[in-house]
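Residues take their numbers from the sequence shown, with the count starting at 1.
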Amino acid sequence: MKKKATGHSHAKVIFLGEHSAVYHQPAIVFPVPQANVTATLQASNQGVTTIHSQYYSGPIADLPASMAGITALIQKLHQELNRQHQPMNLEINSTIPLGRGMGSSAAIASAIIRGYFAFFETPLSRATLTEYTDIEEKITHGNPSGIDAQTVNVSHPILYEQQQFIDFTPQLSGFLVIADTGLAGNTKTAVNQVREFLEADPVRQELITRLGHLTEVVKTSLTNQDLVKTGQVLTEAQAILTALGVSTTQIEQLVAVANQAGALGAKLTGSGLGGCIIALAPDYPSAKRIAAALTDYGAAQTWIQSLTELNPEENNKDE
Ligand code: MEV
């Protein structure tokens with residue numbers, strides 16, 4: 001057992017395939033290393049395990065219901081690793097905004113898991129890390145596709161196809177601009193809303209099939225570094241997500257601003273009903289222009305992610 005240990009994780013954005021992934025259609029998800037979480041663990045002499053974060057500080061037994069997934073995860077970690085019932089002190093520092101479709105809950109879970117395994121000096125495989133992250137995700141999001149849990153644990157993109165998670169490592173180019181509407185969405189609510197919408201008229205299932213097809217098109221266009229085609233597909237996907245009822249006025253406005261500022265295409269990312277948009281830019285100067293236009297318009301925060309940085313030889317941090 002160590003005196004102190006840390007675990008790290010990072011945000012994710014769904015490039016394409018949100019909502020359709022719930023119906024086992026393909027999806028492509030990118031890590032966003034610059035928005036991240038650190039969990040610092042120390043043995044506590046307080047008698048109970050406590051957690052300190054910008055959202056909650058106090059004993060884990062009193063964590064709010066919205067954090068029930070984290071409570072269940074910590075209980076499981078204590079059962080499996082903390083046989084001597086050592087009370088712990090967890091400090092969580094996150095730069096990932098909550099409820100914005102950037103995988104904040106999965107990333108917090110991942111950082112906590114890594115911290116616990118490091119503290120108790122136990123080897124942690126990628127499969128175990130994902131299995132434990134899923135414990136939190138299932139409680140927090142209901143019945144998620146699992147793509148968040150996969151992507152917060154690796155530093156390269158993930159392709160979800162035929163219900164398998166595949167490391168997606170073509171040579172990528174271009175830049176992704178991510179902009180936060182400043183409004184939180186709720187994945188469970190959005191997923192349930194889409195389900196009700198689809199059940200009301202079976203013909204609507206075509207929208208899901210079309211999103212799945214678009215993901216396959218983008219898989220090829222990204223692999224071929226065809227950014228223009230990729231951008232066009234993102235724009236079509238946004239129209240379908242609007243038809244599914246998960247876009248909002250704020251999302252539509254940010255998408256329009258990004259496109260006017262020179263994006264090759266833009267769409268919401270994550271469950272929608274708030275949260276973030278992504279816009280594709282061909283180069284860094286364009287990405288900066290788009291980000292500046294979004295900030296001027298009122299985006300709460302923007303990030304510029306180089307897709308080249310996600311190429312396998314550009315990072316060697318994978319587990
Ligand atoms: C949420 O980040 C993405 C959704 O497709 C839900 C899921 O895949 O679990 C809306």
Side-chain angles (χ1 to χ4, degrees), residues 11-32 35 96-107 137-138 140-152 157-163 165-166 168 176-181 183-198 204-219 222 230-231 233-248 250-252 254-255 258 265-280 305:
K12 69 95 212 317
V13 285
I14 298 181
F15 193 68
L16 200 51
E18 50 275 277
H19 288 291
S20 46
V22 175
Y23 302 91
H24 307 313
Q25 293 287 334
I28 294 172
V29 195
F30 287 162
V32 184
I96 312 174
L98 275 189
R100 308 298 209 282
M102 292 183 75
S104 60
S105 60
E137 284 294 279
K138 286 204 170 105
T140 308
H141 295 314
N143 190 19
S145 62
I147 48 188
D148 286 21
Q150 290 283 333
T151 318
V152 299
I158 291 285
L159 168 68
Y160 174 65
E161 203 173 39
Q162 294 177 351
Q163 298 186 60
F165 298 101
I166 302 157
F168 182 56
L176 207 56
V177 181
I178 305 156
D180 181 4
T181 60
L183 301 168
N186 182 297
T187 302
K188 242 185 213 175
T189 308
V191 167
N192 288 339
Q193 190 178 303
V194 169
R195 176 162 294 123
E196 281 167 21
F197 175 80
L198 296 173
R204 294 175 179 168
Q205 198 66 34
E206 279 170 17
L207 296 169
I208 297 294
T209 315
R210 180 73 190 155
L211 275 178
H213 171 71
L214 291 181
T215 305
E216 291 295 348
V217 174
V218 151
K219 180 182 140 189
L222 276 175
T230 305
V233 175
L234 294 187
T235 297
E236 185 180 344
Q238 170 60 22
I240 297 175
L241 290 162
T242 303
L244 285 174
V246 291
S247 193
T248 63
Q250 291 82 2
I251 290 169
E252 299 288 322
L254 292 187
V255 163
K267 61 180 270 294
L268 67 83
T269 181
S271 57
L273 299 181
C276 291
I277 68 141
I278 54 167
L280 186 65
Q305 177 64 54

For this session: Check whether any side-chain heavy atom of R210 lies under 4.5 Å from a side-chain heavy atom of L214, and answer yes or no.
Result: yes
Problem set entry | Over all atoms of both residues, closest heavy-atom pair of G275 and D180 | O-OD1, 3.7 Å
Exercise. Applying the side chain to side chain contact (heavy atoms under 4.5 Å, CB included) test to I208, which of H213, H24, Q25 qualifies?
Worked result: Q25
For this session: Apply the test side chain to side chain contact (heavy atoms under 4.5 Å, CB included) to residues I251 and L241: give CA-CA distance (whole Å), side-chain angles for both, the deciding distance (0.1 Å), then the verdict.
Result: CA-CA 11 Å; I251 290 169; L241 290 162; over 6 Å; no
Problem set entry | Results of ring pair (Phe, Tyr, Trp, His ring centres under 6.0 Å) for F168 - residues two or more places apart only | none
Problem set entry | Partners passing side-chain contact (heavy atoms from CB on, under 4.5 Å) against Q193 (at least two apart in sequence or in another chain) | L273
Exercise. Is there any salt bridge (charged side-chain N to carboxylate O under 4.0 Å, His left out) pair reaching into residues 11-30, and which pairs are they, with sequence neighbours excluded?
Worked result: K12-D148, E18-K267
Exercise. Between V13 and V29, what is the shortest heavy-atom contact and its length?
Worked result: O-CG1, 3.3 Å
Exercise. Between atom CG of L207 and atom CD1 of I240, what is the distance when rounded to the nearest 0.5 Å?
Worked result: 6.5 Å
Problem set entry | Set of residues satisfying side-chain contact (heavy atoms from CB on, under 4.5 Å) with respect to S104, sequence neighbours excluded | I96, L98
Exercise. Can you name the nearest heavy-atom pair linking Q238 to L268, along with the distance?
Worked result: OE1-N, 2.8 Å
For this session: Search all heavy atoms of A106 against all heavy atoms of E137 and return the closest pair with its distance.
Result: N-OE2, 3.2 Å
Exercise. Yes or no on side chain to side chain contact (heavy atoms under 4.5 Å, CB included) for V194 and L198, after CA distance, side-chain angles and deciding distance?
Worked result: CA-CA 6 Å; V194 169; L198 296 173; 3.9 Å; yes
Exercise. To the nearest 0.5 Å, how far apart are OG1 in T151 and CD1 in I158?
Worked result: 5.5 Å
Exercise. Side chain of S145, backbone of V22: donor and acceptor closer than 3.5 Å?
Worked result: no
Exercise. Which value, rounded to the nearest 0.5 Å, describes the distance between T248 atom OG1 and L254 atom CG?
Worked result: 8.0 Å
Exercise. When rounded to the nearest 0.5 angstrom, what is the spacing between CG in L280 and CG in L222?
Worked result: 8.0 Å
For this session: Indicate the atoms forming the closest heavy-atom contact of I14 with T269, along with that distance.
Result: O-OG1, 2.7 Å
Exercise. side-chain contact (heavy atoms from CB on, under 4.5 Å) with A27: which residues, sequence neighbours excluded?
Worked result: A21, I147, Y160
Exercise. What are the two closest heavy atoms between A258 and I277, and how far apart are they?
Worked result: CB-CD1, 4.3 Å
Exercise. Is the shortest heavy-atom distance from the side chain of K219 to the side chain of P26 under 4.5 Å?
Worked result: no
Problem set entry | Euclidean distance, H19 NE2 relative to L211 CG, rounded to 0.5 Å | 9.5 Å
Exercise. Would R195 and Y23 satisfy side chain to side chain contact (heavy atoms under 4.5 Å, CB included), going step by step from the backbone distance to the final call?
Worked result: CA-CA 10 Å; R195 176 162 294 123; Y23 302 91; 3.6 Å; yes
Seminar exercise, completed: For E206, the side-chain contact (heavy atoms from CB on, under 4.5 Å) test, sequence neighbours excluded, returns V203
Exercise. Less than 4.5 Å apart, any side-chain heavy atom of V233 and any of T230?
Worked result: no
Exercise. What is the distance from atom OG1 of T242 to atom CD of E252, rounded to the nearest 0.5 Å?
Worked result: 4.0 Å
